[in-house]
Amino acid sequence: MTETQLFQARKKQMLDSINWMISKGADAIVPAICIGGFLAILYFIQMRKRKSRIQIAGTAIILMYTVFLMDMTIFSRTSAKTSQFRFVPFMTPGGTHLLLLYALANMIVFVPIGIALKMIRPEIKSYRKVVRFSAIISGVIEVTQFILKCGVCQTEDFLMNILGAIIGWWFCGRILLKKENDEDKNIE
């Protein structure tokens with residue numbers, strides 16, 4: 001196989017992967033809204049007296065988005081005959097293009113978790129709690145994929161998910177800090 005043919009094959013594989021992710025994501029939206037919305041309503045009824053509107057919105061985002069992630073990464077996939085585990089990160093088969101695509105996708109998919117966490121708990125100043133929270137969610141997804149044989153349990157996914165949550169938390173914190181500074185300037 002020539003260099004051009006190899007590049008074309010990898011390009012086709014990458015485009016097929018993107019199309020698959022988009023279609024699975026679209027399929028997962030309705031169940032996420034229904035189940036996550038139901039869980040959010042139950043939570044709101046119980047906690048409505050102690051939470052601000054932003055905290056309630058953040059909680060709803062986390063509940064619905066977690067259901068969305070579980071559906072997209074676990075329930076919408078078919079089971080394989082064996083479980084797969086890749087302990088060494090950044091060794092995705094298919095070359096650098098696919099490695100970057102998967103790493104970026106895994107990072108982006110957890111940015112909303114970090115944003116919602118900052119909305120729920122704006123007093124969190126250290127990224128360590130964000131790491132713990134996102135590690136729990138990502139760990140549950142990866143272990144469930146391994147147990148149910150419906151995906152590849154990868155260390156790389158776990159690490160990039162955590163990085164995505166940290167980026168979302170940091171980004172939301174910058175926006176909230178800018179908003180507070182703007183409000184302070186308007187008061188003066």
Side-chain angles (χ1 to χ4, degrees), residues 18 21-22 24-26 28-76 89-90 100-145 151 153-188:
I18 291 170
M21 284 190 277
I22 290 170
K24 291 301 177 188
I29 288 175
V30 173
I33 290 172
C34 294
I35 297 169
F38 176 72
L39 292 173
I41 289 168
L42 291 178
Y43 182 79
F44 297 151
I45 290 169
Q46 182 182 11
M47 301 299 285
R48 70 176 178 246
K49 294 177 184 174
R50 292 183 262 164
K51 300 283 183 182
S52 71
R53 286 185 180 159
I54 290 178
Q55 289 173 319
I56 289 173
T59 303
I61 290 169
I62 281 189
L63 290 171
M64 286 189 269
Y65 199 70
T66 301
V67 171
F68 169 77
L69 287 176
M70 295 294 279
D71 188 44
M72 193 170 90
T73 59
I74 296 168
F75 303 122
S76 65
F90 309 109
L100 292 175
L101 172 71
Y102 290 139
L104 188 62
N106 278 304
M107 187 174 57
I108 289 171
V109 82
F110 261 62
V111 168
I113 297 288
I115 290 171
L117 189 59
K118 189 66 172 180
M119 290 170 69
I120 294 170
R121 304 277 309 270
E123 72 276 3
I124 294 176
K125 302 293 183 208
S126 170
Y127 68 91
R128 289 184 179 121
K129 290 184 180 182
V130 179
V131 169
R132 270 185 275 175
F133 185 78
S134 58
I136 290 169
I137 293 175
S138 183
V140 166
I141 290 171
E142 293 301 318
V143 169
T144 305
Q145 283 181 337
C153 180
Q154 292 181 296
T155 307
E156 169 188 330
D157 293 356
F158 181 76
L159 295 172
M160 296 311 289
N161 290 160
I162 292 171
L163 181 60
I166 291 170
I167 289 169
W169 171 78
W170 178 84
F171 182 73
C172 189
R174 293 286 137 214
I175 291 172
L176 292 176
L177 185 63
K178 185 179 183 320
K179 184 179 175 185
E180 288 174 4
N181 289 340
D182 290 346
E183 288 174 359
D184 289 344
K185 288 179 185 176
N186 290 338
I187 291 172
E188 295 170 2

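As a basis for the values below, the full set of heavy atoms in this structure was taken, side chains included, without hydrogen atoms, waters or symmetry mates.
- Partners of Ile108 by side chain to side chain contact (heavy atoms under 4.5 Å, CB included), not counting sequence neighbours, listed by chain and number: Leu104.
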What donor-acceptor contacts under 3.5 angstrom involve side-chain atoms of residues 130-141, with partners at least two apart or in another chain?
residue	atom	partner	partner atom	Å
Ser134	OG	Val130	O	2.8
Ser134	OG	Val131	O	3.3
Ser138	OG	Asn161	OD1	2.8

Trace of the side-chain contact (heavy atoms from CB on, under 4.5 Å) decision for Val109 with Tyr65: CA-CA 10 Å; Val109 82; Tyr65 199 70; 3.5 Å; yes

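- Contact annotation: the side chain of Asn106 never approaches that of Phe110 to less than 4.5 Å [non-hydrogen atoms, C-beta and beyond].
- Shortest non-hydrogen contact noted between Glu142 and Gln154 is OE1-N, 3.0 Å.
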Under 3.5 Å, which donor-acceptor pairs do the side chains of residues 163-171 form with other protein atoms, sequence neighbours left out?
none

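- Met119 approaches Cys172 most closely through the heavy-atom pair CG-SG, 4.3 Å.
- Distance CD/Gln145 to CG/Asp157: 7.0 Å, rounded to 0.5 Å.
- In terms of heavy atoms, Ala103 sits closest to Glu156 at N-OE2, 4.0 Å.
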